[in-house]
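Here's the structure we're looking at; comments come further down.
These numbers were taken from a predicted model, which means no experiment stands behind them.
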Amino acid sequence: MKGLPEPKSCADLPDNPEYEVPRFVKEVLTSLPYLTYKESFSPLIKDFEVCRSAIIEKHYGQAEKLIAYVADLGESFSVGNLAKEDLTETGIPCVIYGELFTTYGETILQIESHTNKTESMVLSKKGDLLFPSSTTVDAMSLIAPSVINVDGVILGGDMFGIHINHNYNAQYLSYYFNHIAKRQLAKYAKGSTIIHLHYTDIKKAKLSLPYLEEQNRMAKCLVILDDKIKVENSLLNLLNSQKAYLLCQMFI
């Protein structure tokens with residue numbers, strides 16, 4: 001590839017993509033290799049995600065397992081009433097149930113929303129597993145729990161949580177429910193137009209889980225892979241910003 005060198009990481013790109021405006025068309029064309037390179041990132045990220053699912057399933061199939069019930073995992077809890085209208089620019093960090101679908105994946109590390117509503121609110125404990133309780137899509141999409149690795153975050157909306165005890169790895173359980181037991185738990189969801197899932201519906205569900213040592217080992221591996229996916233997504237966002245900027249300059 002001629003022109004600019006291929007970026008290897010986010011560090012190879014400028015902190016601010018809105019650098020000096022190119023004076024000539026040639027300067028814009030010189031930057032086009034970035035745009036070509038950028039097109040390979042979306043499938044690359046998808047490959048990482050497919051690889052992650054395959055790793056989870058392969059490991060699960062080979063691991064020795066123990067029998068447990070959802071009720072064995074820890075103490076369940078309900079959360080307060082918190083809606084989008086209660087969100088503010090600043091305030092106490094919070095997670096509302098809709099963000100379990102739209103904002104967060106298996107792990108919550110950085111909180112995106114805030115609120116000033118504190119009355120009758122429930123705060124998170126690091127390692128809590130949060131389950132959305134309703135959806136209008138389908139039962140399978142409802143099985144999308146996230147482990148929150150931040151203390152003191154206000155939790156609200158149509159969700160329930162489990163304080164996972166020391167006999168299980170909360171991080172692994174999040175991957176397990178999202179990839180292995182999704183179909184199993186979806187059978188407990190009820191409703192047609194609006195589909196619901198409550199803790200009382202699943203607390204007696206029988207689970208086949210790897211032993212704790214294997215849960216810990218697998219969770220560590222998956223967190224590293226998730227970090228890699230985040231880095232590639234960040235780089236893709238930078239390349240998209242650069243593409244938008246360069247295209248604008250071509251039509252000035």
Side-chain angles (χ1 to χ4, degrees), residues 49-79 95 97 99-101 104-109 122-135 137-151 153 155 157-191 195-226:
E49 293 171 348
V50 171
C51 177
R52 180 184 60 177
S53 295
I55 290 172
I56 294 169
E57 293 174 8
K58 183 72 172 179
H59 170 266
Y60 181 77
Q62 295 178 342
E64 293 186 22
K65 302 176 184 68
L66 57 85
I67 299 300
Y69 296 87
V70 171
D72 298 329
L73 303 180
E75 180 184 359
S76 67
F77 63 93
S78 301
V79 303
V95 173
Y97 103 98
E99 293 175 326
L100 299 180
F101 297 115
Y104 304 111
E106 290 90 345
T107 307
I108 301 175
L109 286 172
V122 174
L123 301 181
S124 69
K125 296 179 181 178
K126 184 176 180 180
D128 284 346
L129 197 59
L130 309 177
F131 286 80
S133 290
S134 66
T135 184
V137 183
D138 55 45
M140 286 287 285
S141 66
L142 187 53
I143 312 304
S146 299
V147 59
I148 182 165
N149 287 329
V150 186
D151 286 316
V153 177
L155 306 174
D158 201 3
M159 71 167 86
F160 65 87
I162 303 176
H163 298 306
I164 303 299
N165 64 46
H166 64 276
N167 294 318
Y168 304 92
N169 184 302
Q171 186 74 61
Y172 177 80
L173 290 176
S174 181
Y175 291 113
Y176 169 79
F177 285 121
N178 277 282
H179 295 270
I180 302 297
K182 181 180 281 283
R183 188 175 301 277
Q184 177 188 353
L185 290 192
K187 296 177 181 178
Y188 294 91
K190 301 174 182 178
I195 302 167
H196 295 278
L197 182 76
H198 301 102
Y199 176 77
T200 53
D201 299 325
I202 64 171
K203 68 178 184 179
K204 294 182 180 179
K206 187 177 181 181
L207 309 174
S208 181
L209 292 167
Y211 286 90
L212 181 58
E213 182 179 355
E214 281 299 308
Q215 292 181 31
N216 293 338
R217 188 169 70 90
M218 198 63 224
K220 183 177 180 180
C221 171
L222 294 171
V223 167
I224 292 172
L225 186 53
D226 273 349

At what distance, to the nearest 0.5 angstrom, does CE of Met218 lie from OH of Tyr175?
9.0 Å
What one should report as the nearest heavy-atom pair of Pro132 and Phe101 is CB-CZ, 3.4 Å
Using the six-membered ring wherever Trp is involved, compare the ring planes of Phe160 and Tyr199 and label them parallel, tilted or perpendicular (cut-offs 30° and 60°).
perpendicular
Give me the ring orientation class for His196 and His198: parallel if the planes are under 30° apart, tilted from 30 to 60°, perpendicular past 60°.
parallel
So which of Leu100, Asp128, Asn178, Leu129 actually passes side-chain contact (heavy atoms from CB on, under 4.5 Å) with Ser146?
Leu100
Closest non-hydrogen contact found for Gly157 with Tyr97 is C-CB, 4.1 Å
Identify which one of Leu73, Asp72, Ile67 satisfies the side-chain contact (heavy atoms from CB on, under 4.5 Å) criterion when paired with Leu207.
Leu73
Output the distance between atom CG (Leu222) and atom OG1 (Thr107), rounded to the nearest 0.5 Å.
9.0 Å
Just wondering, do Met159 and Val95 contact through their side chains at under 4.5 Å, heavy atoms?
yes
Determine the sole option in Asn169, Leu173, Val147 for which the side-chain contact (heavy atoms from CB on, under 4.5 Å) test with Ile164 is passed.
Leu173
Smallest separation among heavy atoms of Leu185 and Leu197, with atom names:
O-CD1, 4.1 Å
Aromatic plane relationship, His163 with Phe77 - under 30° parallel, 30 to 60° tilted, over 60° perpendicular
parallel
Decide whether a cation-pi geometry holds between Lys203 and Tyr188; the criteria are a distance under 6.0 Å from NZ or CZ to the six-membered ring centre and an angle within 45° of the ring axis.
no
Is there a donor-acceptor pair closer than 3.5 Å between any side-chain N or O of Lys182 and the backbone N or O of Ile143?
yes
Gap between atom CD of Glu64 and atom CD of Glu213 - 0.5 Å precision:
10.5 Å
Can you give me the closest heavy-atom contact between Val70 and Ile162, atom names plus distance?
CG1-CD1, 4.1 Å
Once you round to the nearest 0.5 Å, how far does CD1 of Ile148 lie from NZ of Lys126?
11.5 Å
Okay, side chain of Glu106, backbone of Phe177: is any donor-acceptor separation there less than 3.5 Å?
no
Distance check, rounded to the nearest 0.5 Å: Tyr176 atom OH versus Leu209 atom CG?
4.5 Å
CE/Met140 to CD1/Ile195 distance, rounded to the nearest 0.5 angstrom?
11.5 Å
Exceeds 12 heavy-atom contacts within 6.0 angstrom, atom OH of Tyr69
no
All heavy atoms of Ala139 vs all of Ala189, minimum pair found to be CB-CB, 3.8 Å
When every non-hydrogen atom of Pro210 is compared with those of Gln215, the smallest separation belongs to O-NE2, 2.7 Å
Flag if over 12 foreign heavy atoms under 6.0 Å of NZ, Lys187:
no
